[in-house]
Amino acid sequence: MKQYRLNVDPRILELLGPNLYTNIYYVLAELIANAYDADAKNVYIISNKDDIRVEDDGHGMSYEAGDIAKYLNVAGVSRTTETESLTKSGARRKMGRKGVGKLAALSVSEDVDVLTIVNGEKSGFVLTRHPENGHDLKAIPDDQIVFERIADHGSAIIMRNPQYRLHKTLDSVKRNLLKIFPLIDANFRIHVIRANEEVTIEDFDRNIMGELCALVTLGDKFKPLCDLVSDSHPDRRDDLVAAQATKAIPIIVKANDGKEHEYSLEVLGWIGAYKSTRGRKAELTDFPDNFVSLFANEKMGEFNILPVVGQNKLNEVYVVGQLHVDLFELTELPDMALSNRQGYKSDDPRYEAVREYVRGELLADILKRRETYTDIVNADKKKQKEEAQRSDEAKLRAAVDTFRRKASEEAATALAKLGVNVSREAMEDAISKSINDNSPDLGLKATVDSKKKKILISQTYLDKAFADIIYQMLVFNDVPSDGILYTNCDDEVCRVPEGRGVYDYLREFFVESYSTQKIFVLFVTSENTKVSWGAITEVGASWITKIDHKIFNVHPFRPEHPLNDEVQWQSTNRDKPSGDLWMIPLNADIFCQKIEAVCDALDYKKKTRAQNMAHLGTLVSIRKA
């Protein structure tokens with residue numbers, strides 16, 4: 001009768017077992033890693049009614065050859081030399097190091113069956129949080145050692161009555177396993193099975209690369225990933241995708257011999273940015289989609305370092321990456337994994353070096369590429385919108401010309417039929433009928449109006465700080481950014497399109513339009529206005545075309561004709577030499593009043609005065625004179 005004895009203090013099982021992992025996927029990742037170290041080509045995750053079973057077709061463990069005794073030596077270091085760092089086949093580098101991962105299944109179940117077969121030799125025992133006599137494990141008879149998917153060699157871990165279960169859909173399982181165990185190719189596949197359902201995970205790269213708009217790879221091994229990113233903007237591809245060399249960072253680390261040695265910390269892998277995150281998160285319990293994971297010897301050591309390297313920038317939600325740093329697991333260096341096996345010691349110099357590199361260089365690089373993608377997409381959308389608008393304008397012009405010609409001809413014909421002695425009322429009826437009959441030709445007017453910019457913020461660059469406040473207050477009142485023309489805006493959608501002359505562009509709004517929807521101008525005036533040719537041009541254009549406008553003025557400058565200086569303008573103070581802006585409560589109220597009046601005039605849903613005053617107070621100082 002085979003005897004199975006656990007070579008560890010049983011109190012460790014009670015302490016570590018239920019607390020080692022807090023997520024079923026980390027547990028599965030450990031069991032998959034064990035299969036990988038066993039040179040398996042296939043891993044089967046089988047979710048049954050009362051258990052979760054993980055089988056692999058690796059080389060299995062022999063009781064007679066001492067493999068199982070070594071397996072039961074928990075926390076025994078398995079990699080002390082370079083030779084021991086390789087699997088039996090020599091084709092893979094081992095992921096396991098301390099032998100603690102085998103306890104992972106105890107985080108899910110109190111009792112776990114361990115079955116194995118090699119060369120016809122079967123062995124089995126129950127790994128439990130509460131061993132008999134402290135160390136002895138219950139043996140499983142050979143006739144009860146039954147596998148579902150393997151035959152001649154391999155192992156099975158059966159977690160009975162698990163406290164964690166897999167997600168409702170196998171696609172969710174697949175997606176989550178890909179995030180924490182991407183080492184999947186033709187030589188190593190993962191099969192997930194539930195009843196009659198089955199999915200096979202066999203290609204990580206294509207699952208995620210097709211969703212990226214920007215990518216940076218590190219090292220020749222990951223360079224081919226660049227070919228998997230869509231080439232929708234070939235003329236700007238170099239700005240979006242880059243294959244870089246392995247990042248080598250010189251570092252001094254104290255080795256296990258107590259001496260400090262210099263090493264080259266090499267970072268390989270990739271970091272990318274999604275085109276969109278919309279609709280990616282299918283279930284609340286999924287891992288987040290934006291993460292940067294750290295791997296060593298192909299095994300994940302920390303799922304996400306974004307919280308410690310990020311700077312809370314909005315675009316960071318699009319970032320995803322996997323970085324490989326094998327120096328983290330170099331045999332001659334201290335183990336830097338945390339006790340829960342779900343992260344690294346943050347004060348280890350290797351971790352600090354990687355953290356600073358990602359924070360200072362790599363993250364900034366991919367965020368810049370993501371911004372470039374956004375600019376390209378916005379430029380394309382704006383170009384399409386402008387082309388559509390110009391097309392509609394041209395159609396409207398043609399429609400107006402047709403209307404004039406047909407209405408004139410039909411009115412003339414009708415009048416001729418009436419004869420010479422015709423009453424004024426009859427003439428008006430004839431002309432009115434002609435106009436009404438032909439007015440459908442002008443049906444494009446509403447389309448043209450809907451696509452035009454509604455508001456122009458006329459300003460000089462020196463007054464940008466004040467213009468920004470006006471812009472932010474408009475947006476706060478639900479005025480869409482793409483309805484505002486503001487040439488110095490930080491938001492690209494408001495600026496004059498790339499390649500367009502500013503005066504030609506403005507002419508479309510002030511002069512060359514059959515639309516009756518004229519642009520509403522908000523003038524920012526100050527002592528800088530008189531020395532800005534662009535601002536003076538906009539003032540003249542608005543006067544000639546009699547466009548509605550409001551004046552926001554920086555004291556002590558006084559707006560002059562042709563602006564409508566007979567009505568009350570808003571006045572703001574600017575300290576010198578700091579340039580700080582401030583308003584007295586009365587002028588703050590007038591500011592909000594004018595913003596609200598613009599919203600009323602253009603049918604935008606405005607905020608209340610109290611809401612506007614409160615928000616304005618966050619943008620500019622409001623104080624007594």
Side-chain angles (χ1 to χ4, degrees), residues 205 208-249 265-278 280 288-294 304-325 352-383 461 464 468 471-472 481-482 486-499:
D205 299 333
I208 197 166
M209 293 299 148
E211 301 178 27
L212 303 184
C213 64
L215 177 69
V216 174
T217 62
L218 301 172
D220 291 339
K221 177 180 178 181
F222 296 91
K223 184 176 180 179
L225 298 183
C226 294
D227 297 332
L228 301 178
V229 179
S230 67
D231 199 16
S232 56
H233 304 283
D235 55 326
R236 299 293 301 276
R237 187 167 179 80
D238 290 344
D239 297 325
L240 302 174
V241 178
Q244 300 178 0
T246 299
K247 178 66 177 182
I249 305 172
L265 185 148
E266 296 186 344
V267 183
L268 296 88
W270 60 272
I271 189 168
Y274 293 116
K275 299 173 187 175
S276 171
T277 59
R278 185 177 303 166
R280 289 187 53 82
D289 289 306
N290 61 311
F291 60 88
V292 176
S293 299
L294 294 180
N304 190 12
I305 63 169
L306 263 179
V308 297
V309 300
Q311 300 177 12
N312 294 319
K313 292 184 177 180
L314 183 62
N315 273 358
E316 288 174 7
V317 301
Y318 297 101
V319 174
V320 60
Q322 294 182 336
L323 304 178
H324 297 253
V325 190
E352 291 176 341
V354 172
R355 181 182 61 205
E356 294 309 311
Y357 162 61
V358 177
R359 175 187 293 160
E361 296 183 37
L362 198 56
L363 185 59
D365 188 0
I366 198 63
L367 288 178
K368 182 178 179 181
R369 294 175 188 274
R370 181 62 175 65
E371 290 171 0
T372 298
Y373 171 78
T374 301
D375 288 344
I376 292 172
V377 171
N378 286 342
D380 287 346
K381 289 180 179 178
K382 182 178 287 188
K383 183 178 180 181
Y461 184 76
K464 180 179 179 344
D468 281 345
Y471 169 73
Q472 291 178 63
S481 297
D482 60 4
Y486 171 20
T487 55
N488 287 314
C489 188
D490 293 331
D491 189 341
E492 190 263 348
V493 74
C494 299
R495 300 194 294 268
V496 174
E498 183 67 27

Exercise for review: Can you establish whether the number of heavy atoms outside Lys223 located under 6.0 Å from its atom NZ is more than 12?
Suggested key: no
Point to revise | From Asp468 atom CG to Asp491 atom CG, the distance as rounded to the nearest 0.5 Å | key: 11.0 Å
Practice item. Decide yes or no for Leu367 and Arg369: does some side-chain heavy atom of the first lie under 4.5 Å from some side-chain heavy atom of the second? Key: no
Revision key, fill the gap. Closest non-hydrogen contact found for Asp490 with Lys464 is OD1-NZ, 3.2 Å
Check your understanding: Does the side chain of Thr372 reach to within under 4.5 Å of the side chain of Ile376, using non-hydrogen atoms?
Key -> yes
Check your understanding: Under a 4.5 Å cut-off applied to non-hydrogen side-chain atoms, are Val216 and Gln244 in contact?
Key -> yes
Exercise for review: Flag the pair Tyr471 / Ser481 as yes when at least one side-chain heavy-atom distance between them is below 4.5 Å, and no otherwise.
Suggested key: yes
Point to revise | Contact summary for Val309 and Arg359, nearest pair of heavy atoms | key: O-CG, 3.5 Å
**Study point:** Test log, rule side chain to side chain contact (heavy atoms under 4.5 Å, CB included), inputs Arg237 and Val229
**Key:** CA-CA 10 Å; Arg237 187 167 179 80; Val229 179; 4.3 Å; yes
Exercise for review: Nearest 0.5 Å please: distance from the CD1 atom of Ile271 over to the CG atom of Leu306.
Suggested key: 7.0 Å
Practice item. State plainly whether the residues Glu371 and Lys368 are in salt-bridge range, i.e. N to O under 4.0 Å. Key: no
Exercise for review: For Val267 and Tyr357, work out which heavy atoms get closest and say how close.
Suggested key: CG1-CE2, 4.1 Å
Review point. Do Ile249 and Glu356 come close enough that some side-chain heavy atom pair is under 4.5 Å?
Key: no
Check your understanding: Are more than 12 heavy atoms from other residues, nucleotides or ligands located less than 6.0 Å from atom CG of Asp375?
Key -> yes
**Study point:** Spacing of Ile366 atom CD1 and Cys213 atom SG [to the nearest 0.5 Å]
**Key:** 7.5 Å
Revision key, fill the gap. Between Ala353 and Leu265, the two heavy atoms sitting closest are CB-CD1, 4.3 Å
Point to revise | Distance (rounded to the nearest 0.5 Å) between Gln322 CD and Leu218 CG | key: 12.5 Å
**Study point:** Any donor-acceptor N or O pair under 3.5 Å, side chains Thr487, Tyr461
**Key:** no
**Study point:** For Trp270 against Val320, the heavy-atom pair lying closest together
**Key:** CZ3-O, 3.4 Å
Study note, to complete from the structure: When every non-hydrogen atom of Gly219 is compared with those of Leu268, the smallest separation belongs to CA-CD2, 4.5 Å
Exercise for review: Check whether any side-chain heavy atom of Glu316 sits under 4.5 Å from a side-chain heavy atom of Leu363, and report yes or no.
Suggested key: yes
Point to revise | Spacing of Leu323 atom CG and Lys247 atom NZ [to the nearest 0.5 Å] | key: 12.5 Å
Exercise for review: Using atom types as modelled and distance alone, determine if a side-chain donor or acceptor of Arg370 lies under 3.5 Å from a backbone N or O of Gly272.
Suggested key: no
Practice item. Look up atom CD1 in Ile208 and atom CG in Leu225, then write down how far apart they are to the nearest 0.5 Å. Key: 10.5 Å
